[in-house]
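This report concerns only the one structure given below.
Each chain gets a letter, A, B and so on, in the order its sequence line appears, and its residues count up from 1.
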Number of protein chains: 2
Amino acid sequence: MAKQESNVSRVYEELRQMAADFAFMPDQRINESELSKRLGASRTPLREALNQLVAEGFLTFQNNRGFFCRSLTPKYIQDLYEARVAVETEALRLSVRRAEDSEIAELGAYLEQTEAEYETADDPEARLGMDETFHMRLVRLSGNSELERALRSLNDRIRYIRLIDLKRMHDKAATRVPGELSAHSRILMALAGRDAEAAEAAMRGHIEKRREAATEAVRIAFSQLYVPHD
Amino acid sequence: MAKQESNVSRVYEELRQMAADFAFMPDQRINESELSKRLGASRTPLREALNQLVAEGFLTFQNNRGFFCRSLTPKYIQDLYEARVAVETEALRLSVRRAEDSEIAELGAYLEQTEAEYETADDPEARLGMDETFHMRLVRLSGNSELERALRSLNDRIRYIRLIDLKRMHDKAATRVPGELSAHSRILMALAGRDAEAAEAAMRGHIEKRREAATEAVRIAFSQLYVPHD
DNA sequence: GCGTTCAGAATTGTATACAGTTTAGAATGC
DNA sequence: GCATTCTAAACTGTATACAATTCTGAACGC
């Protein structure tokens with residue numbers, strides 16, 4: 001009956017993807033029977049997966065009323081970005097002390113390799129993937145699994161917003177001065193130079209800039225998608 | 001059948017408490033049938049609660065083999081403490097900008113009120129409660145729910161270690177010079193003075209000191225309790 | 001002894017049934 | 001009309017049953 005990979009984890013991954021892709025509208029109640037039919041599983045494993053997503057902050061739960069998609073308020077978005085700052089700046093501090101030169105060089109190679117693609121990629125999802133991968137790899141250099149876990153959760157919950165943000169940024173990408181260093185490069189160079197202060201400042205500035213852009217993007221997304229409750 | 005508070009959440013809270021109290025030995029396999037009997041619920045709600053705990057990092061799960069208590073390696077403890085630094089220092093930065101003077105004063109009053117108790121309390125759990133409450137309230141001053149959620153999860157997972165640490169500290173408490181400011185007071189005073197640098201430095205030093213003590217405590221706990229696998 | 005094989009016992013995985021609660025909408029009174 | 005009450009349908013909460021897998025330990029060959 002159960003295969004190599006369990007049904008719960010498959011359902012969990014699908015739900016996570018659905019949540020990140022906004023398959024559920026904010027505040028929408030989730031119908032277990034219908035969803036279980038759609039995912040080809042019974043309610044038992046579905047509810048186990050849903051409970052995991054509640055614990056991770058994707059969904060909420062009300063007793064006897066069921067599971068709800070979490071509403072996306074501007075405050076919540078801001079909280080997520082601030083938590084990202086907390087995780088990524090501390091990870092950077094640790095990486096300055098711990099990361100091997102070779103590891104930093106590898107990430108630099110990845111950055112160089114993807115940067116050309118990044119500029120030309122029309123697909124915002126591809127760009128988002130590269131962006132997330134860079135940040136995840138950067139945090140991984142700290143060697144701290146908890147920070148890595150935290151960033152993964154934050155990224156997943158923030159993905160839809162970042163997608164909107166990146167789409168908008170793409171339209172303006174041509175305006176970037178060619179010789180100018182990308183924010184990612186600046187961060188990585190500071191790390192390579194073991195300059196914790198500069199690295200942290202670059203990271204802080206980078207995320208803050210993206211948060212501001214995302215806030216604007218959220219404002220637009222809100223007006224296009226739905227009206228939040230508060 | 002279902003009451004005001006759901007069975008799942010009751011089971012969840014009990015399991016969380018059990019995990020924090022080390023009712024499960026690290027790497028121990030959790031027998032669902034037995035546990036469900038003990039908690040007075042069937043396996044269905046039990047497994048829903050267990051899945052939440054997996055998502056939060058208390059337990060691990062292997063397909064077709066079930067749930068396991070997470071093993072407590074020194075590396076894991078260190079990761080948790082470093083994550084605490086990330087969360088608490090960033091929260092402090094935000095609080096310096098955002099917290100009202102009155103809120104800071106309230107927390108100061110709490111600190112003053114508990115500090116006397118703290119010195120004389122024989123019960124290490126009472127001291128741990130006061131310590132956790134202070135840190136949670138401090139993070140709450142930042143107004144960021146995600147950081148609050150993150151600290152709660154970290155605290156719960158680290159609780160047993162902190163308890164051991166506080167027990168040892170209690171034995172040496174008499175050596176503290178009476179006029180000396182407590183670490184908590186130093187942090188709060190820096191916050192009240194809106195000095196982000198000083199507040200962060202104080203927090204960093206405080207947690208780092210506790211981490212070192214906890215590492216030592218863990219070393220002792222390890223040798224007393226069990227032999228970890230790596 | 002020591003590794004292998006193989007029942008059967010124990011345990012997990014999930015579908016299903018049904019109890020209990022909430023929700024929606026019709027019927028009613030004003 | 002509009003609020004209220006009531007009834008049926010829809011949905012959630014959980015116990016249970018049984019299939020699939022893993023585990024245990026005894027029997028066996030070497």
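What you find for Leu138(A) and Ser95(A) is that their closest heavy atoms are O-OG, 3.8 Å.
Atom CZ of Phe68(B) is separated from atom P of dT11(C) by 13 Å (rounded to the nearest Å). Rounded to an integer number of Å, the gap from Gln62(B) CD to dT12(C) C1' is 13 Å. Taking atom CG of Leu35(B) as the reference point, atom P of dT11(C) lies 13 Å away to the nearest angstrom. Note: CZ (Arg43(A)) to C1' (dT14(D)) measures 9 Å, nearest angstrom. One atom, CG of Asn63(A), and another, C1' of dT21(C), lie 9 Å apart when rounded to the nearest Å. Here dA15(D) presents its C1' atom at 14 Å from NZ of Lys37(B), a figure rounded to the nearest Å.
Within 4.0 Å of Phe61(A), counting heavy atoms only, lie sugar-phosphate atoms of the nucleic acid but no base atom.
Under the 4.5 Å side-chain criterion, counting only non-hydrogen atoms from C-beta, Arg204(A) is in contact with Arg93(B).
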Can you pull every protein N or O that's under 3.5 Å from an N or O on nucleotides 7-11 of chain D?
unit_1  : atom_1 : unit_2   : atom_2 : d
dC11(D) : OP1    : Asn31(A) : ND2    : 2.9

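For dG13(D), neither phosphate oxygen OP1 nor OP2 lies less than 4.0 angstrom from any side-chain nitrogen or oxygen of Asn7(B). Phosphate proximity of dT14(D) to Ser42(B): absent, as no side-chain N or O sits under 4.0 Å from OP1 or OP2.
Using a 4.0 Å cut-off on heavy atoms, none of the residues of residues 46-55 of chain A approach DNA chain C.
Annotation: side chain to side chain contact (heavy atoms under 4.5 Å, CB included) contacts of Asp21(A) (sequence neighbours excluded): Gln17(A).
The pair Arg211(A)-Glu208(A) counts as a salt bridge, with a side-chain nitrogen and a carboxylate oxygen less than 4.0 angstrom apart. Taking a cutoff of 4.0 Å between a charged side-chain nitrogen and a carboxylate oxygen, Arg127(B) and Asp131(B) do not qualify as a salt bridge.
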Evaluate the side chain to side chain donor-acceptor pair (under 3.5 Å) criterion for residues Asn155(B) and Arg162(B): first the C-alpha distance (whole Å), next the side-chain angles of each, then the deciding distance (0.1 Å), finally the verdict. CA-CA 9 Å; Asn155(B) 269 346; Arg162(B) 301 182 77 190; 3.0 Å; yes

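There is no side-chain donor-acceptor pair under 3.5 Å between Glu56(B) and Gln52(B).
Within a 6.0 Å sphere centred on NZ of Lys209(B), other residues, nucleotides and ligands contribute 12 heavy atoms or fewer.
Between Phe67(A) and Phe61(A), the ring planes lie tilted relative to each other; the angle falls in the 30° to 60° range.
Listed candidates were dT16(D), dG13(D), dT16(C). Nearest to the side chain of Asn64(A) is dG13(D).
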